Amino acid sequence: GYGVFETDRIPKAWVPFCNDMDAIISPSEFNKNIFMAREDMKTPVYVVPNGITKNFNIRTESLTEFRDKFNIVSVGLLDNRKGFDVLLNAFLYAFKGNPNARLILKVYADSTQEIDHLKKVIADMRKHHESYDTEVALIGSFLVNDLMARLFKSADLFVTATRGEA
């Protein structure tokens with residue numbers, strides 16, 4: 001199993017399930033120690049860190065097409081838990097009538113149907129808020145590291161409206 005749990009202890013109810021596994025993979029020593037702190041935990045826990053690119057250049061240029069406005073950027077998996085609907089609602093409410101602000105959503109989706117659905121949600125929320133002049137840019141395609149760095153560089157503000165993280 002793979003275990004990331006943002007807490008200081010593993011629930012007792014988890015132990016039988018964990019002990020049925022051959023091994024548990026954790027991304028950090030911190031998480032490994034939380035699993036191993038339980039004396040009734042018999043399954044070995046190994047650390048395999050999350051990948052990170054040391055060549056991620058934060059000293060890059062911003063994306064040219066996003067230099068003209070105040071940019072609010074959010075990045076995440078297109079999933080209800082990530083709260084893109086909450087973020088869109090708040091942005092369209094707060095920036096209604098402000099043509100100098102832009103919300104940039106960089107989403108990871110499983111299908112073009114999910115992207116199309118988000119486009120419809122954006123259109124419906126615009127109509128609800130009567131906020132047709134407030135820009136929402138949607139990036140649903142894969143971006144290589146250099147372009148992701150440039151996207152982050154384009155942000156005046158990075159936000160997340162997640163309903164929960166694991």
Side-chain angles (χ1 to χ4, degrees), residues 1-11 14 25-31 34 47-166:
Y2 180 78
V4 178
F5 194 54
E6 296 174 356
T7 187
D8 61 349
R9 68 187 57 88
I10 298 298
W14 285 23
I25 298 170
S26 176
S28 69
E29 288 292 331
F30 175 81
N31 279 114
I34 289 172
V47 174
V48 178
N50 290 322
I52 185 166
T53 302
K54 293 181 180 179
N55 297 330
F56 196 80
N57 183 7
I58 60 171
R59 292 179 178 85
T60 189
E61 294 283 324
S62 60
L63 293 169
T64 329
E65 60 269 33
F66 294 138
R67 291 186 184 157
D68 60 331
K69 296 183 180 184
F70 182 83
N71 294 308
I72 301 169
V73 174
S74 188
V75 176
L77 180 68
L78 188 50
D79 183 87
N80 182 57
R81 182 176 54 88
K82 294 297 184 176
F84 286 115
D85 57 329
V86 174
L87 180 56
L88 277 164
N89 198 32
F91 175 78
L92 293 171
Y93 175 80
F95 290 93
K96 179 180 177 178
N98 185 342
N100 299 315
R102 175 189 294 119
L103 176 62
I104 304 171
L105 300 176
K106 168 59 185 105
V107 299
Y108 299 94
D110 289 332
S111 67
T112 56
Q113 289 83 6
E114 286 182 332
I115 298 292
D116 291 342
H117 176 73
L118 181 56
K119 288 177 182 176
K120 183 180 179 331
V121 168
I122 292 168
D124 290 347
M125 284 192 179
R126 279 185 189 284
K127 186 176 180 181
H128 173 77
H129 288 284
E130 297 178 357
S131 184
Y132 302 103
D133 54 350
T134 308
E135 185 179 351
V136 177
L138 178 59
I139 303 172
S141 58
F142 175 78
L143 295 181
V144 295
N145 284 345
D146 180 59
L147 289 176
M148 281 301 295
R150 292 180 69 200
L151 174 62
F152 285 124
K153 185 72 172 189
S154 302
D156 296 293
L157 176 66
F158 181 85
V159 297
T160 183
T162 184
R163 291 180 169 94
E165 292 297 322

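Keep in mind that what you see is a predicted model, and the values were worked out from it rather than measured.
In terms of modelled atom types and a separation under 3.5 Å, the side chain of Arg126 and the main chain of Asp133 share no donor-acceptor contact. No donor-acceptor pair under 3.5 Å is formed between the side chain of Asn100 and the backbone N or O of Lys69. Of the possible polar contacts, none joining the Ser74 side chain to the Leu105 backbone as a donor-acceptor pair under 3.5 Å is found. Counting only distance, with no hydrogens or angles, the side chain of Ser154 and the backbone of Phe66 share no donor-acceptor pair below 3.5 Å. Looking at Lys106, its side chain does come within 3.5 Å of a backbone N or O of Ser141 through a donor-acceptor pair.
Atom CG of Asp110 and atom CG of Asp79 lie 9.0 Å apart (nearest 0.5 Å). Note that CD1 of Ile34 and CD of Glu29 are 11.5 Å apart. Values are rounded to the nearest 0.5 Å. For the atom pair Thr134 OG1 and Leu103 CG, the distance stands at 10.0 Å (nearest 0.5 Å). Taken to the nearest 0.5 Å, the CZ atom of Arg102 stands 9.5 Å off from the CG atom of Asp156.
With contacts defined as side-chain heavy-atom distances shorter than 4.5 Å, the pair Glu61/Arg67 qualifies. Side-chain contact between Val47 and Ile25: absent, with no pair of heavy atoms (C-beta onward) separated by less than 4.5 Å.
Ion pairing of Asp124 with Lys120 is present here, as a side-chain N (NZ or NE/NH1/NH2) and a carboxylate O approach within less than 4.0 Å.
In the displayed structure, Asp68 atom CG is contacted under 6.0 Å by more than 12 heavy atoms of other residues, nucleotides or ligands. Other residues, nucleotides and ligands place no more than 12 heavy atoms under 6.0 Å from the OH atom of Tyr93.
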### Query
Between Leu88 and Ile122, is a side chain to side chain contact (heavy atoms under 4.5 Å, CB included) present by the stated rule, with each step listed?
CA-CA 7 Å; Leu88 277 164; Ile122 292 168; 3.7 Å; yes

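With 3.5 Å as the limit, one finds no donor-acceptor pair spanning the side chains of His128 and Asn89.
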